Amino acid sequence: MIFEEQLERWLTEAFVQAFPGEAVVAGRIGVTATADERNGDYQCNAAMGLARLLQMKPRDIAERWVAAAPKRDGIEDVEVAGPGFINIRLTSTALAQWLIVMENDSTLGTPAVGRGRTVVLDYSSPNVAKPMHIGHIRSTVIGNALDRLHRFLGFRVVADNHLGDWGTQFGLLIMGYRHFRDEHRLREQPVEELERLYVKSYERSRADEEWLAAARRELVKLQQGDAENLALWQQFIDLSMQSFEPIYDRLNVTFDLARGESYYRDQLGAVVQLLRDRGLAEESEGAQVVRLEAEGMPVCIVQKSDGGYNYATSDLATIKQRMEEFAPERIIYVTDERQQLHFKQCFTIAHKLGWAPSLVHVWFGLMRLPEGTFSTREGNVIKLERLLDEAEARALKLVQTASPDMTASDQAAVARAVGIGAIKYADLSQNPQSMITFTWDKALAMDGNSAPYLQYACARINSVRDKFRSRFPDQDLTDCPLVLQEAVERRLALRLTRFPGTIMRAVELLRPSILADYLYDLAQTYSSFYQNVPFLKAPAGVRESRVRLGGLVASVLRQGLDLLGIETPDRI
RNA sequence: GUACCCAUAGCUCAAUUGGAUAGAGCACCUGACUACGGAUCAGGAGGUUGCAGGUUCGACUCCUGCUGGGUACGCCA
């Protein structure tokens, strides 16, 4: 049970004491961290919400409530304030005890609430035959953080890269490949060449109906299993995967599965049949559609009039397969906002079919350039590879000036962690549901609220720790009590205790930014601590306590950054 | 036309899902001791939360109507 839950249980007991007949509401009593430390450490706002139910003034409820509270170790002070806030101040001893619990726990006090539960995470999902560009980074980075957060809570996670590897574009691509390919370019930059071939073929198809018809024929051949086209298609996939791998590698992202849409292609007919059998799908203008007017949505086409299948069908087949194979309680999709309607339709149909998993779409706003939308046609696409290169190059310059004595290979490793971390953090530290205008300076910020700020805080802690060890080699810190005397020490301890609750909230709301905000706040508090009190020159006792506290901050920062997919080098 | 999303300091974003005096970073202005890493810290200035109503003890948050921007909407994925 985490710290907040202990307080909630205590308040609930008190409430039952004070209002014996009203136990019904006891489940809804929660505490939150105070925004302003003058109001204590935690606050409970339940009294105001209960005023109507209890027919009493909130202030009176709170006072009676507090008066009935049983004695409890660890609580310094409880008081009623304002309209009926209950403010709780903890003793330093209680904070210190909880810190020691965290210190001795491999998950820093976070309970394994996900044990025995399964979630499927569908994220990244780039299209075959197109290079990954900056528009792909958000799904990849947010999805991966959700993946890590769930695993940390003990969930079994099935991370699936649902590649766009099937569909009508392959007819055009095959035509482009046959007629326009440049062998040299194909060897040097295969995916860029494939994209060029597709674009060229697409443009030709708009002016040349015969070309378009030929592309359709190639697509039909592919779908019917024509050996030659199948081999070409497989080659496109292989080339694309080879180009994605180094990027995933640099981003430190791994999947359990990479099942593209093609994986489900033999199940699509059965899905449409199922929808017909259940009376959900019907014929309309030669196509099979599911009507969703009653749900306030437009119709969803599940089979085209030419017999081909759509995206919705594919996603339904995917849900079915995942249910049967993994029995997840939840499937989470991380994509951009344009797919909101699509998923709403899919989820609605899945529910109509009685499918059990909770289906959640975590969406994020599109990325744009200051000059407007980017598009392949206009050639203003920024490739992901270039973004990562640029980030590492900028970080390397910083490392070289800050740590000139480091070996070149260490500098490169640190630059990688700092540069990639900066990019990931830029995406993870904000609520994703707004459009992002990409600028180099924003994506690669290395000061203020940024990953390097957090990494820097860790490096300073490590440095203090090492100096302490060399000066006091025999001192075992775990034997030294934590003393939380200074206001900033207490503040820091309080922040630390909030780690488990923060993780749980981030997972509950599927928002890694909650964790990022917390880590930044913690690092800021630490930096203030670091800058304003002495460590190694402090008196014995206080000195050990401070170094030990710093160690715990480092553990939390390192763990938290790891959950965001960001590395923490020992020095930067 | 219909639906969904967004709008907070000059800029980029927070605000514990209805809580206390709306907080950070960037940029700007002042300061910081050989001491442990200045990628930092202490402070200053910067706000009618797009507009108008409503709901209640209490609204950036919920409801209604506007304005401006984005996205999607029967044979793409």
Side-chain angles (χ1 to χ4, degrees), chain A residues 30-36 38-39 43 45 48-49 51-52 57-59 81-85 87 125 127 164 166-169 261 284-289 296-306 308-312 314-315 336-342 344-345 363 365-366 368 373 395 398-399 401-403 418 426 429-431 433-437 439 441-442 445-450 452-453 455-457 459-468 498 501-502 505 509 513-514 516-518 520-521 524 527-538 546-547 550 571-572:
Chain A
V31 298
T32 55
T34 55
D36 185 330
R38 284 172 300 185
N39 296 325
Q43 62 179 298
N45 305 329
M48 273 96 71
R52 197 179 298 260
K57 285 184 185 167
R59 177 104 199 176
F85 296 107
N87 293 334
S125 309
N127 286 324
W166 197 245
T168 49
Q169 75 269 29
E261 288 159 23
S284 167
E285 297 171 35
Q288 295 295 324
V289 304
M297 282 180 272
V299 289
C300 179
I301 297 180
V302 291
Q303 186 172 22
K304 299 188 281 183
S305 51
D306 69 359
Y309 299 99
N310 299 64
Y311 189 32
S314 176
D315 266 332
D336 71 58
E337 61 177 328
R338 287 175 302 184
Q339 303 200 30
Q340 279 184 96
L341 176 60
H342 161 71
K344 258 168 103 175
Q345 290 179 317
W363 59 267
L366 289 172
R368 320 174 74 78
T373 328
L398 277 176
V399 175
T401 52
S403 305
V418 169
S429 63
Q430 64 174 283
N431 192 358
Q433 298 180 338
S434 56
M435 188 181 74
I436 279 196
T437 301
T439 62
D441 284 339
K442 195 180 4 157
M446 304 216 183
D447 52 9
N449 188 355
S450 68
Y453 177 91
Q455 291 165 325
Y456 179 67
R460 292 205 297 196
I461 294 170
N462 292 337
S463 177
V464 170
R465 175 203 61 199
D466 292 347
K467 290 209 164 70
F468 177 84
R498 291 175 184 168
T502 302
R505 212 173 108 76
L509 300 178
S513 63
I514 290 171
D517 281 352
Y518 165 82
Y520 180 61
D521 182 45
Q524 260 186 325
S527 295
S528 172
F529 175 52
Y530 174 88
Q531 208 85 17
N532 290 301
V533 304
F535 282 67
L536 300 180
K537 289 208 161 175
R546 286 180 181 165
V547 175
R571 325 202 162 284
I572 73 173

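First the proteins, then the strands, lettered A, B, ... as listed; each starts at 1. Small disclaimer: the values here were computed from a predicted structure and weren't measured.
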When rounded to whole Å, the CG to P distance for the pair A:Asn449 and B:G23 reads 17 Å
Between B:G23 and B:U61, how many Å separate the two C1' atoms, rounded to a whole number?
15 Å
> Is there a donor-acceptor contact under 3.5 Å from the side chain of A:Lys344 to the main chain of A:Gln339?
Replying inline: no
Aromatic ring of A:Phe85 stacked on base six-ring of B:A20, 5.5 Å, 30°: yes
Rounded to whole angstrom, note down the P distance from B:U55 over to B:U64. 15 Å
Using a 4.0 Å heavy-atom cut-off across all strands, classify A:Asn39 as base, sugar-phosphate, or nothing. base
Can you find a donor-acceptor pair, distance only, under 3.5 Å between A:Gln43 side chain and B:A20 base?
yes
To the nearest angstrom, the CG-C1' distance between A:Asn310 and B:A77 comes to 9 Å
>> Is the terminal nitrogen or CZ of A:Arg460 (NZ for Lys, CZ for Arg) located under 6.0 angstrom from the six-membered ring centre of A:Tyr530 and within 45° of that ring's axis?
In response: yes
message: Using the C1' atom as the point on both nucleotides, what is the distance between B:C11 and B:A72, in whole Å?
response: 30 Å
When rounded to whole Å, the CD to P distance for the pair A:Gln339 and B:C5 reads 17 Å
* Answer with base, sugar-phosphate or nothing: what part of the nucleic acid does A:Arg498 contact at a heavy-atom distance below 4.0 Å? => nothing
Rounded to whole Å, CG of A:Leu341 lies from C1' of B:U2 at a distance of 11 Å
Ignoring backbone atoms, test whether A:Gln524 places a side-chain nitrogen or oxygen under 4.0 Å from the OP1 or OP2 oxygen of B:G25. yes
*Might you work through the side-chain contact (heavy atoms from CB on, under 4.5 Å) test for A:His342 and A:Asn310, ending with a clear yes or no?*
CA-CA 11 Å; A:His342 161 71; A:Asn310 299 64; over 6 Å; no
With syn defined as a glycosidic angle within 90 degrees of 0 and anti as anything else, the base of B:U34 is anti
With a 3.5 Å cut-off and just heavy-atom distances, do the side chain of A:Asn87 and the base of B:A20 make a donor-acceptor pair?
-> yes
Donor-acceptor contact below 3.5 Å, side chain A:Glu285 vs main chain A:Ser305: no
**Prompt:** Counting any heavy atom closer than 4.0 Å, what does A:Asp36 reach on the DNA or RNA strands: base, sugar-phosphate only, or nothing?
**Reply:** nothing
Under a 3.5 Å limit on both distances, the Watson-Crick or wobble mate of B:G18 is none
Of the candidates B:G74, B:U17, B:A77, the side chain of A:Ser284 sits closest to B:G74
In whole angstroms, the gap separating P of B:U71 from CG of A:Asp336 amounts to 11 Å
* Judged by atom type as modelled, is there a donor-acceptor pair below 3.5 Å linking the side chain of A:Thr439 to the main-chain atoms of A:Lys442? -> yes
Worksheet item: Would the A:Tyr453 and A:Tyr520 ring centres measure less than 6.0 Å apart?
Response: yes
Q) Under 4.0 Å: is that the gap between some side-chain N or O of A:Lys304 and OP1 or OP2 of B:C76? A) yes
Rounded to whole Å, the CG-P distance (A:Asp521 to B:A15) equals 13 Å
Re B:A24: Watson-Crick or G-U wobble partner, both distances kept under 3.5 Å, found to be B:U12
Indicate, with a heavy-atom threshold strictly under 4.0 Å, whether A:Leu509 touches base, sugar-phosphate, or nothing. base
Check: Expressed as a whole number of Å, how far does the C1' atom of B:G38 sit from that of B:A32?
Finding: 10 Å
Worksheet item: Taking the same atom, P, in B:U56 and in B:G46, what whole-Å distance lies between them?
Response: 36 Å
Mind checking if A:Arg38 touches a base, just sugar-phosphate, or nothing, with heavy atoms under 4.0 Å? base
Can you name the atoms? Protein N/O to nucleotides 30-40 of chain B N/O, anything below 3.5 Å, with the distance.
residue, atom, partner, partner atom, Å
B:C36, O2', A:Tyr530, OH, 2.2
B:C36, O2, A:Leu536, N, 3.3
B:C36, N3, A:Phe535, N, 2.9
B:C36, N4, A:Val533, O, 2.5
B:C36, N4, A:Pro534, N, 3.3
B:G37, OP1, A:Ser463, OG, 2.5
B:G37, OP2, A:Lys467, NZ, 2.6
B:G37, O2', A:Tyr456, OH, 2.7
B:G37, N7, A:Ser463, OG, 3.4
B:G37, N1, A:Ile572, O, 2.9
B:G37, N2, A:Ile572, O, 3.3
B:A39, OP1, A:Tyr456, OH, 3.4
B:U40, OP1, A:Gly448, N, 3.4
B:U40, O2', A:Arg460, NH1, 3.3
B:U40, O2', A:Arg460, NH2, 2.9
B:U40, O2', A:Gln531, OE1, 3.0
B:U40, O2, A:Gln531, NE2, 3.0

RNA chain B nearest-nucleotide lookup for A:Ala51 and A:Gly164: closer to the 5′ end is A:Ala51
(request) Give A:Asp441 one of three labels, base, sugar-phosphate or nothing, depending on what nucleic acid heavy atoms sit under 4.0 Å from its own. (result) nothing
Scan A:Gln340 against the nucleic acid and name what it touches under 4.0 Å (heavy atoms): base, sugar-phosphate only, or nothing. sugar-phosphate
*Keeping the roles fixed (side chain from A:Arg59, backbone from A:Gly82), state whether a donor-acceptor pair exists under 3.5 Å.*
yes
**Request:** Using a heavy-atom cut-off of under 4.0 Å over every strand shown, decide if A:Ser314 touches base, sugar-phosphate, or nothing.
**Result:** nothing
Scanning all shown strands, the Watson-Crick or wobble mate of B:A72 with both distances under 3.5 Å is B:U2
Picking from B:G70, B:U16, B:A72, the nucleotide nearest the side-chain atoms of A:Glu337 would be B:G70
A:Gln430 CD to B:A15 P, in whole Å, measures 11 Å
Separation between CZ (A:Phe85) and CG (A:Asn45), nearest 0.5 Å, reads 5.5 Å
Inset, instruction - Name the nucleic acid region contacted by A:Ala81, choosing base, sugar-phosphate or nothing; use a 4.0 angstrom heavy-atom cut-off, strictly under. - result: base
Using a 3.5 Å distance criterion without hydrogens, assess whether the side chain of A:Asn532 forms a donor-acceptor pair with backbone atoms of A:Ser528.
yes
Exercise. Give A:Gln455 one of three labels, base, sugar-phosphate or nothing, depending on what nucleic acid heavy atoms sit under 4.0 Å from its own.
Key: nothing
With sugar-phosphate meaning primed atoms plus P, OP1 and OP2, does A:Pro298 contact a base, only sugar-phosphate, or nothing at under 4.0 Å between heavy atoms? sugar-phosphate
When both distances are under 3.5 Å in a Watson-Crick or G-U wobble arrangement, the nucleotide paired with B:U34 is none
Testing the 3.5 Å rule here: is there a donor-acceptor pair between the side chains of A:Glu337 and A:Trp363? no
Heavy-atom closest pair (A:Val289 atom, A:Ile301 atom, distance to 0.1 Å) is CG1-CG1, 3.9 Å
Scanning all shown strands, the Watson-Crick or wobble mate of B:C62 with both distances under 3.5 Å is B:G54
**Q.** C1' gap between B:A9 and B:C60, integer Å
**A.** 14 Å
Assign each of A:Val299 and A:Arg52 the nucleotide of RNA chain B bearing its closest heavy atom; nearer the 5' end lies the nucleotide of A:Arg52
Taking atom C1' in both B:C33 and B:A22, what distance in whole Å separates the two?
-> 36 Å
Self-check item: Same-atom distance (C1') from B:A27 to B:U12, integer angstrom
Solution: 11 Å
Sugar-phosphate only, base, or nothing, as touched by A:Ala445 at under 4.0 Å among non-hydrogen atoms: nothing
- Item | Distance-only donor-acceptor test, A:Thr168 side-chain atoms vs B:C76 base atoms, 3.5 Å | no
